Amino acid sequence: MFVILSAGVVTGAFFMALKLTFQFYDLPLAHPFTISRYTVNVQKTVVVCISDGEISGYGEATVNPYYHSTVERLTESISKVKPIIENSEMIHPSDLWQIVAPHLQEDYFALCAIDEAYWDFYSRRHKRTLRSFWAAADENLPLTSYTIAIDSIEMMQQKIIEKPWPVYKIKLGTQNDLQIVELLRKTTDSVFRIDANCAWTADETIEYSKIFKQLNVEFIEQPLKANDFEGMKKVCEHSVLPIIADESCQREDDVNSCDGLFHGINIKLTKCGGITSALRMIENGRDKGLKIMAGCMTESTVGISALAQIAPLLDYIDADGALLLKQDIAKGVSFDFGKIRYSENFGIGVELYTEKSI
């Protein structure tokens with residue numbers, strides 16, 4: 001269990017009226033990013049800014065077809081709650097989340113960007129790093145994995161050679177998954193984490209787990225379809241590797257549903273509505289004895305810097321989104337062979353390269 005440290009009392013004279021703005025960006029990827037469902041070459045994303053005219057906070061959410069996150073939907077959702085944000089006094093981020101969330105029940109991606117931006121603004125206003133509200137020191141942080149998306153085996157091997165890393169997440173869901181892992185294992189001794197993105201059956205997963213355990217695979221993420229509860233119960237009982245929920249664990253209530261079906265959960269800020277709800281999911285998951293992971297979309301350093309703030313509370317993290325980009329839009333958190341290197345700035349620590357445009 002963790003405690004969110006108090007920030008002290010803020011008086012009405014301490015701030016100017018808030019203003020919310022947002023802008024979409026195209027993030028070109030270094031390589032096409034393919035999973036079992038689709039391929040992305042350019043990731044479209046939105047960055048939200050909440051400012052009092054002196055201090056600005058930033059949050060991000062990506063466009064994602066699987067979760068019905070589109071430019072049009074994000075625009076409509078953010079615009080809908082813009083007056084609520086701009087008419088709010090400075091309150092604790094969790095209180096603002098409770099006010100805004102009922103208006104965005106159908107768009108948690110937009111809620112995430114707003115929640116991240118307000119947390120960033122709030123912590124910058126208090127001259128604190130965001131993680132200082134729940135972590136006393138930057139010690140014993142999990143290493144981030146680096147994702148190897150589905151491609152030809154030769155190209156997947158080449159990506160590993162180009163990017164030496166201590167932990168790789170291997171995307172699977174092809175007709176030759178076993179061969180891929182076996183050949184990639186000959187390329188590196190680094191730890192593998194397998195993400196099937198709902199592509200396997202229960203029996204396949206159980207059989208694969210026996211083979212993958214011998215190939216230094218740490219765990220398997222979301223092997224079955226999100227609603228295959230019967231299959232997941234069977235897998236959870238018989239897999240020799242830990243099974244981590246992803247698509248089956250999107251929002252807070254899903255943590256309860258995953259208990260007994262998975263050994264751990266992967267929290268995505270965009271899916272659950274931001275940092276506020278992620279903190280509650282972490283606490284609930286810990287109470288249930290689940291391993292806690294947090295992951296990312298193909299986000300810029302804005303979203304990744306927000307994600308990295310909860311790293312002290314995690315067992316595993318997949319925060320490589322910005323590492324997959326050909327061109328970023330911000331600087332902030334960085335990674336040194338998997339190790340998180342935080343910015344010295346307050347809040348989530350980001351600076352937009354194009355700040356004047358937002």
Side-chain angles (χ1 to χ4, degrees), residues 1-5 93-94 97 108 112 115-116 119 129-147 166-169 191-197 217-224 226 232 235-236 239 241-297 299 303-321 333 335 338-340 342 348:
M1 182 174 292
F2 57 90
V3 177
I4 299 179
L5 305 176
S94 61
W97 193 95
Y108 267 35
C112 168
D115 182 71
E116 288 178 357
W119 266 111
T129 63
L130 178 50
R131 63 193 177 281
S132 72
F133 286 93
W134 45 79
D138 300 335
E139 298 176 355
N140 301 317
L141 299 174
L143 297 175
T144 186
S145 53
Y146 181 83
T147 303
V167 184
Y168 292 102
K169 175 189 274 196
V191 172
F192 287 168
R193 297 169 181 171
I194 300 300
D195 186 358
N197 284 116
V217 170
E218 190 172 20
F219 59 72
I220 298 172
E221 185 179 338
Q222 196 67 47
L224 274 60
M232 284 315 312
V235 168
C236 189
S239 171
L241 287 175
I243 305 296
I244 308 296
D246 184 2
E247 284 85 350
S248 294
C249 190
Q250 298 183 32
R251 299 190 181 184
E252 291 182 53
D253 290 345
D254 294 333
V255 178
N256 297 327
S257 302
C258 289
D259 190 21
L261 301 181
F262 296 88
H263 305 103
I265 56 173
N266 182 10
I267 299 169
K268 300 280 184 65
L269 298 184
T270 48
K271 296 182 191 179
C272 72
I275 291 169
T276 298
S277 51
L279 293 172
R280 294 193 290 257
M281 292 175 74
I282 291 169
E283 187 166 9
N284 189 13
R286 291 290 184 206
D287 289 343
K288 291 177 167 34
L290 294 168
K291 289 290 187 179
I292 308 297
M293 174 181 175
C296 63
M297 302 299 186
E299 296 154 84
I304 299 303
S305 294
L307 169 62
Q309 301 302 309
I310 64 172
L313 307 175
L314 306 174
D315 297 301
Y316 317 110
I317 189 168
D318 176 32
D320 67 340
V333 70
F335 301 93
K339 295 179 181 178
I340 298 172
Y342 289 110
I348 64 174

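What you see is a predicted model, and the numbers here were worked out from it, not measured in a lab.
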Query - Minimum-distance pair of heavy atoms, taken over all atoms of Cys258 and Ser248 - result: SG-O, 3.6 Å
Query raised in the report: Taking the six-membered ring for Trp, are the ring centroids of Phe219 and Tyr316 within less than 6.0 Å of each other?
Result: yes
Query raised in the report: Is the shortest heavy-atom distance from the side chain of Ile304 to the side chain of Phe335 under 4.5 Å?
Result: yes
Report summary line: For Trp97 and Gly273 the tightest heavy-atom approach is NE1-O, 2.9 Å
**Report entry** Close side-chain approach of Ile243 to Leu224, heavy-atom, < 4.5 Å
**Finding:** no
Requested in this report: Check side chain to side chain donor-acceptor pair (under 3.5 Å) between Lys288 and all other residues, then give those that pass, not counting sequence neighbours.
Outcome: Asn256, Asn284
Report task. Could you grab the distance from atom OG of Ser305 to atom CD of Glu299, nearest 0.5 Å is fine? Result -> 10.0 Å
Requested in this report: Kindly indicate whether the side chain of Leu313, heavy atoms from C-beta on, has any atom under 4.5 Å from the side chain of Trp134.
Outcome: yes
Query raised in the report: Where do Ala311 and Pro142 come nearest, in terms of heavy atoms and distance?
Result: O-CD, 3.4 Å
Report summary line: CG (Asn266) and CZ (Arg193) are apart, to the nearest 0.5 Å, by 10.0 Å
Report task. Identify the two heavy atoms, one from Ala306 and one from Glu116, that lie closest to each other, and give their separation to 0.1 Å. Result -> CB-CD, 3.6 Å
Query raised in the report: How about Glu218 and Phe192: do any of their side-chain heavy atoms sit closer than 4.5 Å?
Result: no
Query - Approximate separation, where rounding is to 0.5 Å, of Arg280 CZ and Ile267 CD1 - result: 11.5 Å
**Report entry** Heavy-atom side-chain proximity of Met281 to Cys249 below 4.5 angstrom
**Finding:** yes
Report task. Please report the closest heavy-atom contact between Gly295 and Leu307, naming both atoms and the distance. Result -> O-CD2, 3.6 Å
Query - Min side-chain heavy-atom separation Phe262-Val235 under 4.5 Å - result: no
Query raised in the report: Which is it for Val255 and Ile265 under the side-chain contact (heavy atoms from CB on, under 4.5 Å) test, yes or no, and what are the steps along the way?
Result: CA-CA 7 Å; Val255 178; Ile265 56 173; 4.0 Å; yes
**Report entry** Heavy-atom donor-acceptor pair, His263 side chain to Cys236 backbone, under 3.5 Å
**Finding:** yes
Requested in this report: List the steps, then state whether side-chain contact (heavy atoms from CB on, under 4.5 Å) holds for Met293 with Ile317.
Outcome: CA-CA 5 Å; Met293 174 181 175; Ile317 189 168; 6.0 Å; no
Query raised in the report: In Å, rounded to the nearest 0.5 Å, how long is the span from CG of Asp254 to SG of Cys272?
Result: 10.0 Å
Report summary line: Residue set satisfying salt bridge (charged side-chain N to carboxylate O under 4.0 Å, His left out) with Asp195, at least two apart, ordered chain then number -> Lys169, Lys171
Requested in this report: Mind listing the closest non-hydrogen atom pair of Leu290 and Gly264 along with its distance?
Outcome: CD2-N, 4.0 Å
Report summary line: When rounded to the nearest 0.5 Å, the distance separating CG of Leu269 from CD1 of Ile310 is 5.0 Å
Requested in this report: Decide whether Ser145 and Asp318 meet the rule of one side-chain donor and one side-chain acceptor closer than 3.5 Å.
Outcome: yes
Query - Candidate pair Asp320 and Cys296, rule side-chain contact (heavy atoms from CB on, under 4.5 Å), full reasoning - result: CA-CA 7 Å; Asp320 67 340; Cys296 63; 3.7 Å; yes
Report summary line: Residue pairs passing the salt bridge (charged side-chain N to carboxylate O under 4.0 Å, His left out) test with at least one member in residues 306-316, sequence neighbours excluded, are Arg286-Asp315
Requested in this report: Using the side-chain contact (heavy atoms from CB on, under 4.5 Å) rule, take Phe133 and Ile275 through it: C-alpha gap first, then chi angles, then the decisive distance, then the call.
Outcome: CA-CA 12 Å; Phe133 286 93; Ile275 291 169; over 6 Å; no
Query raised in the report: Do the side-chain N and O atoms of Gln309 and Thr129 include a donor-acceptor pair separated by under 3.5 angstrom?
Result: no
Query raised in the report: Rounded to the nearest 0.5 Å, what separation is found between the CH2 atom of Trp119 and the CG atom of Leu130?
Result: 6.0 Å
Report task. With sequence neighbours left out, write down each residue that passes side chain to side chain donor-acceptor pair (under 3.5 Å) with Ser94, or none if nothing qualifies. Result -> His92
**Report entry** Partner set under side chain to side chain donor-acceptor pair (under 3.5 Å) for Thr270, not counting sequence neighbours
**Finding:** none
Query - Among Glu247, Glu221, Gln222, the one residue meeting side-chain hydrogen bond (donor to acceptor under 3.5 Å, both in side chains) with Asn197 - result: Glu247
Query raised in the report: Of all residues at least two apart in sequence or in a different chain, which pass the salt bridge (charged side-chain N to carboxylate O under 4.0 Å, His left out) check with Asp138?
Result: Arg131
